[in-house]
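Written out below as structure tokens is the structure these notes cover.
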There are 2 protein chains.
Amino acid sequence: MTDDLNATGALALPSTKRSVPIALIRAREKVMGPIREMLSDCGITEQQWRILRVLEEFGPQDASSLAERACLLLPSQTRIVQTLLEKGLVTRQADETDRRKQTVAITEAGQAIIHNKLDQAQAIATRIEEVIGKKRLAELLDILEDFQKL
Amino acid sequence: MTDDLNATGALALPSTKRSVPIALIRAREKVMGPIREMLSDCGITEQQWRILRVLEEFGPQDASSLAERACLLLPSQTRIVQTLLEKGLVTRQADETDRRKQTVAITEAGQAIIHNKLDQAQAIATRIEEVIGKKRLAELLDILEDFQKL
DNA sequence: TCAATATATTTAACATAGCAAATATTGTGC
DNA sequence: GCACAATATTTGCTATGTTAAATATATTGA
């Protein structure tokens, strides 16, 4: 009998204080604070940064792969890529063999933004590692990966 | 020398595959899937559900406390509470002693929604516990709490 | 080959996130 | 008691999240 009961004896949900979805949001909010701060002076949003990061890491790729890796829904990504195009930070062109596909690539201007922020980004990552601990951080990432089984 | 290096020998950020912010989003996305599904048939969004949950758990409270507990920014919450008012799921009235404060409370109709979904919500929580494991889930919540130190 | 299906992406519409400014009310010091 | 700073909430604006529908191209089978 490990079910949670409320004051009236009825079955109750776990307290919102120990709610997984809320805990994930809270943690994310804290992590993103410094990152948003880092990006604020170059007019880049968190999602735009993710797209640039993925393009830099994996090279030119179609929209679906990009969305999967940057963890964005395609409709959102379409708009974000549009603004990145206007900023000259990425290019987009239809695939030669399959014209349904759009291949997105980072430009030199886009790479420049990443490289300019590299030290700061590294410092933020280091700070997280210091506060959480290297081992616990690895545990965290392992546990979070398991959520994909859901 | 534990710094990550890329192909050119330059200092590199951790792969986006092991990025904490992205891992948090991915996990959250998976967790929310079943919850959104649960809520889809009663026209309640995830955020509206959080507000109702917090009001049910902690009782009537001012907007700031509610936002903190439901993990919402005040501007967002203002609008969400507005729609909940229109649906008749919450009430809102100015505090007697400090008229700047707005006290929000759940209505019986709001409670009814929570109670109707209780079994399903419990099942989702149980499912998560089964997949992740009770101990690891507790570890996860503990680690996530540490992010508040950032 | 051509209609039916499937796939890749975009559009549309509405809700929320996030930031800055505006409002309303309260507290403070002179 | 009044100007002024502080607090609580709301509004305005832009960007993203989410779902459903639309569009365009590719594939398949009769």
Side-chain angles (χ1 to χ4, degrees), chain A residues 21-22 24-26 28-51 61-68 70-87 89-90 92-104, chain B residues 21-22 24-26 28-51 61-68 70-87 89-90 92-104:
Chain A
I22 291 181
L24 291 172
I25 300 175
R26 265 192 227 289
R28 185 176 139 60
E29 186 185 310
K30 283 292 178 182
V31 171
M32 291 316 301
I35 297 180
R36 292 206 191 92
E37 194 177 344
M38 169 185 86
L39 298 175
S40 62
D41 68 346
C42 62
I44 291 292
T45 69
E46 160 200 346
Q47 291 83 353
Q48 292 167 7
W49 172 255
R50 280 215 301 281
I51 286 182
Q61 57 200 283
D62 61 274
S64 297
S65 306
L66 180 57
E68 164 63 25
C71 205
L72 292 168
L73 294 180
L74 276 168
S76 296
Q77 177 174 282
T78 296
R79 291 181 302 232
I80 298 169
V81 166
Q82 182 59 41
T83 73
L84 288 175
L85 280 171
E86 292 165 3
K87 294 182 181 204
L89 304 180
V90 304
R92 180 179 59 185
Q93 58 182 13
D95 185 299
E96 287 300 315
T97 49
D98 187 343
R99 292 185 184 170
R100 291 171 303 182
K101 293 184 181 176
Q102 294 286 330
T103 300
V104 184
Chain B
I22 292 181
L24 290 172
I25 300 176
R26 266 193 227 289
R28 187 177 140 59
E29 186 185 308
K30 283 292 178 183
V31 171
M32 291 316 301
I35 297 180
R36 291 207 193 92
E37 193 177 345
M38 170 184 86
L39 298 175
S40 62
D41 68 347
C42 62
I44 292 292
T45 69
E46 160 201 345
Q47 292 84 351
Q48 292 167 7
W49 171 255
R50 281 217 300 281
I51 286 181
Q61 57 200 282
D62 60 276
S64 297
S65 305
L66 180 56
E68 164 64 25
C71 205
L72 291 168
L73 294 179
L74 275 168
S76 297
Q77 176 174 283
T78 296
R79 288 155 187 142
I80 299 169
V81 165
Q82 182 59 42
T83 73
L84 288 175
L85 279 172
E86 291 165 3
K87 294 182 181 202
L89 303 181
V90 304
R92 180 177 60 183
Q93 57 181 14
D95 184 299
E96 287 300 316
T97 48
D98 187 343
R99 291 183 186 172
R100 291 171 303 183
K101 294 184 181 175
Q102 293 287 330
T103 301
V104 183

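Convention: sequence-line order gives letters A, B, ...; per-chain numbering from 1. Heavy-atom basis, side chains included; hydrogens, waters and symmetry copies ignored.
Mapping B/Asp98 and A/Arg99 onto DNA chain D by nearest heavy atom places B/Asp98 at the nucleotide closer to the 5' end. For A/Thr78 and A/Met32, each mapped to the nucleotide of DNA chain C holding its nearest heavy atom, the one lying further toward the 5' end belongs to A/Thr78.
Residue B/Gln47 has its side chain nearest to C/dT16 when only D/dA26, C/dT16, C/dT25 are considered. Side-chain proximity of B/Ser64 to the nucleotides C/dC19, D/dT25, D/dT9 is greatest for D/dT9. Distances were taken from every side-chain heavy atom of B/Arg50 (C-beta onward) to each of D/dA8, C/dT9, C/dA17; the shortest belongs to C/dA17.
A/Thr45 comes within contact range of the sugar-phosphate backbone alone, with a heavy-atom separation under 4.0 Å but no base atom that close. No contact: A/Arg28 has no heavy atom under 4.0 Å from any strand. When heavy atoms are screened at a 4.0 angstrom cut-off, A/Thr103 is found touching no nucleic acid atom at all. Across all strands shown, A/Glu46 has no heavy atoms under 4.0 Å from either base or sugar-phosphate atoms. B/Thr97 comes within 4.0 angstrom of sugar-phosphate atoms only, judged by non-hydrogen atoms across all strands, and of no base. Within 4.0 Å of B/Gln48, counting heavy atoms only, lie sugar-phosphate atoms of the nucleic acid but no base atom. Across all strands, A/Arg79 comes closer than 4.0 Å to base atoms (heavy-atom distances).
OP1 or OP2 of C/dG18 sits under 4.0 Å from a side-chain N or O of A/Arg36. A close approach under 4.0 Å does occur between a side-chain nitrogen or oxygen of A/Arg92 and OP1 or OP2 of C/dT10.
One interatomic measurement links the two molecules: CD1 of A/Ile25 to C1' of C/dG18, which rounds to 14 Å at whole-angstrom precision. For the pair B/Gln102 CD and C/dT23 C1', the computed distance is 12 Å after rounding to whole Å. Atom-to-atom, CD of B/Gln77 to P of D/dT9 comes out at 9 Å; the value is rounded to the nearest Å. Atom pair A/Arg26:CZ and C/dG18:P shows a separation of 13 Å (rounding to whole Å applied). When rounded to the nearest whole Å, the span between NZ of B/Lys87 and P of C/dA15 equals 8 Å. Atom-to-atom, CG of B/Asp95 to P of D/dT7 comes out at 17 Å; the value is rounded to the nearest Å. Rounded to whole angstrom, the span from the CG atom of B/Asp62 across to the P atom of C/dT25 amounts to 17 Å. Rounding to whole angstrom units, CD1 of residue A/Ile51 and C1' of D/dT16 are separated by 11 Å.
Residue B/Arg99 places its CZ atom among 12 or fewer non-hydrogen atoms of other residues, nucleotides or ligands, all under 6.0 Å distant. Counting non-hydrogen atoms of neighbouring residues, nucleotides and ligands closer than 6.0 angstrom, the CD atom of B/Gln82 exceeds 12 such neighbours.
Salt bridge status for B/Arg36 with B/Glu29: absent, with no side-chain N to carboxylate O gap under 4.0 Å. Taking a cutoff of 4.0 Å between a charged side-chain nitrogen and a carboxylate oxygen, B/Glu96 and B/Lys101 do not qualify as a salt bridge.
B/Ile51 pairs with exactly one of B/Leu84, B/Ile44, B/Leu89 by the side-chain contact (heavy atoms from CB on, under 4.5 Å) rule, that one being B/Leu84.
Checked by atom type and distance alone, the side chain of A/Gln77 pairs as donor or acceptor with a backbone atom of A/Ala67 at under 3.5 Å.
The base of C/dT7 sits within donor-acceptor range of the side chain of A/Arg100, with an N or O pair under 3.5 Å.
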